[in-house]
Amino acid sequence: MIDSIEAVVFDVGECLVDETREYGTWADWLGVPRHTFAAVFGSVIARGLDYRETFQVFAPGFDLAQQRKARAEAGKPESFDEQDLYFDVRPALGALRDAGCWVGIAGNQTVRAGGILRSLDLPTDMIATSDDWGVSKPDPAFFDHVIAAAPCTPDRILYVGDRLDNDIRPAASRGLRTALIRRGPWGLIQQHDPDADRVPTLRIDSLAELPVLIGPRSR
């Protein structure tokens, strides 16, 4: 159990939302088999490259922002819903709030994704995206916004994410405590990196572990 955590803030993709369906629809949009897209995606991540390089393999010069717009105009926008939430999301967020924690969601997401998250009526005190703040992870300034939004000092905030590069290292650099969850492509591919044991405050396999590890807090 760790002491003095007053706020818990969650990343979105592969922390709260299973992105299998989302990336599958990108493969469909590109006209390539889903398993081929997934294999290249994993290879890109394993080499430490930006995941967006995956699109360049299939469509050199691919502009993700333009293609998101094109998909929306074609009636096939990026989307997710309740069925894409990991099974432990609602119970864990609800249990943390019941225990007295301030609960936030903050990730690299579009305005559209932020709207979808808010429509899901999750038990949170804040939902914010990189588009809202005008800065994206891994820029440490993203975590300055997290600190400004939370009702406590950085050392009492726990940021939960699946990526060492985008989540854990930059959050820790701003004095936040961190929890690295082992799921999703990054969570599995990066799990043997020495920093996976050295940098996070906690390593977890499920969000259900958090209410037990943090313990009750008075609001």
Quick one: does [X]'s side chain have a donor or acceptor within less than 3.5 Å of a partner on [Y]'s backbone?
| X | Y | result |
| --- | --- | --- |
| Gln56 | Phe62 | yes |
| Arg112 | Ser79 | no |
| Asp84 | Asp81 | yes |
| Glu53 | Asp50 | no |
| Glu14 | Trp186 | no |

| note | The side-chain hydrogen bond (donor to acceptor under 3.5 Å, both in side chains) partner of Thr25 among Lys76, Glu78, Arg71 is Arg71

Can you get from [X] to [Y] by hopping between Ile, Leu, Val, Met, Phe, Trp and Tyr side chains that sit under 4.5 Å apart?
| X | Y | value |
| --- | --- | --- |
| Phe87 | Leu188 | no |
| Ile181 | Ile189 | no |
| Ile127 | Leu207 | yes |
| Ile147 | Met126 | yes |
| Leu16 | Leu213 | yes |

Which atom pair, heavy atoms only, marks the closest approach of [X] to [Y]?
| X | Y | result |
| --- | --- | --- |
| Leu210 | Phe10 | CD1-CE2, 3.7 Å |
| Ser206 | Asp88 | OG-OD2, 3.0 Å |
| Ala92 | Ala208 | CB-N, 4.3 Å |
| Leu30 | Ala59 | CD2-CB, 4.1 Å |
| Phe37 | Val32 | CB-CG2, 4.1 Å |
| Cys152 | Arg156 | SG-O, 3.8 Å |

Interatomic spacing from [atom1] in [X] to [atom2] in [Y] - rounded to 0.5 Å:
| X | Y | atom1 | atom2 | value |
| --- | --- | --- | --- | --- |
| Ile105 | Leu117 | CD1 | CG | 5.5 Å |
| Asp63 | Arg52 | CG | CZ | 10.5 Å |
| Tyr159 | Thr201 | OH | OG1 | 14.0 Å |
| Leu64 | Arg68 | CG | CZ | 4.0 Å |
| Trp102 | Glu6 | CH2 | CD | 12.0 Å |
| Gln190 | Leu180 | CD | CG | 7.5 Å |

Carboxylate-amine/guanidinium contact [X] [Y], below 4.0 Å:
| X | Y | value |
| --- | --- | --- |
| Arg183 | Asp162 | no |
| Arg90 | Glu82 | yes |
| Arg177 | Asp155 | no |
| Asp11 | Arg163 | no |

| Out of Leu93, Asp125, Leu158, Val8, which residue meets the side-chain contact (heavy atoms from CB on, under 4.5 Å) rule with Cys101? | Val8

| request: Among Asp195, Asp167, Ile168, find the one that has a side-chain contact (heavy atoms from CB on, under 4.5 Å) with Pro200. | output: Ile168

| Could you walk me through whether Asp131 and Thr110 pass the side-chain hydrogen bond (donor to acceptor under 3.5 Å, both in side chains) check? | CA-CA 5 Å; Asp131 271 8; Thr110 62; 5.2 Å; no

| Test log, rule side chain to side chain contact (heavy atoms under 4.5 Å, CB included), inputs Val160 and Thr178 | CA-CA 6 Å; Val160 186; Thr178 59; over 6 Å; no

| Side-chain H-bond candidate by donor/acceptor type, Asp132 with Thr129, under 3.5 Å | yes

| query | Considering the options Arg203, Arg169, Arg182, which one meets the salt bridge (Lys or Arg N to Asp or Glu O under 4.0 Å) requirement together with Asp193? | reply | Arg169

| Can the ring centres of Phe142 and Trp133 be said to be less than 6.0 Å apart? | yes

| Would Gln67 and Trp26 count as a side-chain hydrogen bond (donor to acceptor under 3.5 Å, both in side chains) if you check the C-alpha gap in whole Å, the side-chain angles of each, and the deciding distance to 0.1 Å? | CA-CA 10 Å; Gln67 293 299 314; Trp26 273 117; over 6 Å; no

| task | Please state whether the rings of Tyr23 and Phe41 are parallel, tilted or perpendicular, taking 30° and 60° as the class boundaries. | result | tilted

| query | Given side chains that start at C-beta, do those of Ile5 and Ile157 come closer than 4.5 Å, heavy atoms only? | reply | no

| said: Is the terminal nitrogen or CZ of Arg21 (NZ for Lys, CZ for Arg) located under 6.0 angstrom from the six-membered ring centre of Phe80 and within 45° of that ring's axis? | reply: no

